Amino acid sequence: MKAFNDLADFSNEEVQALVELASRLDTHPEPEALKGKVLALLFLSPSLRTLASFQAAMVRLGGGSFVISPDMSIHGLETRPGIVMDGAAAEHIREAVPVIASYGDAIGIRAFTERKNVEHDMQEREFSSMTGLIDTPYINMESAMNHPCQSLADWKTMDDFGVPANGGKFVLSWAYHPMALPLAVPVSTLHMAAKRGMDVTVLRPEGFELPAALMDKAKSAAAASGGSVRETDQRKEAMEGAHIIYAKSWSSTRHYGDKLADQKLREKYLDWCVDEPWFANAKEDCRFMHCLPVRRGVVVADRILDGPRSIVIPEARNRMLAQMAVLHQMLGGKK
Ligand code: CP
């Protein structure tokens, strides 16, 4: 595997093989599989789970990793192309990325965007401008519109909890959050559930529609796997018979890049905080998923997070296992 950039680049059989390998590495550890291998981790945006789970994954497979991020004692990094570097930043990513990559056998990169223009962000120009500088195998640790490691872990989590693929009903719900957040997780999650063959409903208020091209991509994936994709702003209708509610906040696509207009719109939806009444007509054992971090009492009520519906902790642990499977395949893991 040369790149792990988008779940859409893999067949369902390949995704299932990664999920099965992740489970096998949990029950049958391979502490020498990646002996002597090094993973370079470049975080241009903050993280807890991705940062910790990749390092843990490499240790569990017998390899090592190192982390570079702007808040470390490194030279200030410039990311803008074609800039005259007469300001504070002393080093450009055009040198930094290939140098960091040259120290590893693979590199993971996390780089959000400024979220000024949705069409621009959908092209993933910043991310591909970095990966285009290297021949080293790379992993997308979250870009403007993609978070494939999260999606692989989420697929595994639903398998672990016996959530049906075909016939399974998946609700991806927008939730209130005081800030405009990236689209990477909702877009990846939508595609993952559709690709898994589920009947997916995107529940969101008006103004928070996901981009049409990405809805169409998910619809095609669903059609190929026997699932479906639709969207609504009607909570009761969306939750009917749901097996999973996956909550996430994201930026208004109507006001993308306009923080004030986004804030004005989202403040109308302060009550979009997942709580027990949301589950009134869902499956009795409908589960709650979230990629984390999550704001308690804002995105979801404590009693849901702390109650039996929540599977967010095993979901987060699956990040490590899913990434172990990716690294094992990418770096030629040997027993
Ligand atoms: N879900 C996720 O990617 O978490 P972090 O931002 O903490 O890495």
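We count ligands from 1, going down the list as the structure has it; atoms in each ligand are counted the same way. These numbers were taken from a predicted model, which means no experiment stands behind them.
Contact residues of ligand 1 (protein heavy atom closer than 4.0 angstrom to a ligand atom; sorted by chain and number): S47, L48, R49, T50, R110, H147, Q150, C291, L292, R319.
Among residue pairs with one or both ends in residues 192-236, those qualifying as ring-ring contact (aromatic ring centres under 6.0 Å, His included) are W174-F208; sequence neighbours excluded.
Both tests hold for R235 against W272: distance to the six-membered ring centre under 6.0 Å, angle to the ring axis within 45°.
Q150 and E315 make their closest contact through NE2-OE2, 3.6 Å (heavy atoms, listed as atom of the first residue, atom of the second, distance).
Take S65 and apply the side chain to side chain donor-acceptor pair (under 3.5 Å) test, not counting sequence neighbours, and it matches no residue. Not counting sequence neighbours, the partners of Y256 by the side chain to side chain donor-acceptor pair (under 3.5 Å) test are D121.
The closest donor-acceptor contact from the side chain of S129 to the backbone of E126 lies under 3.5 Å.
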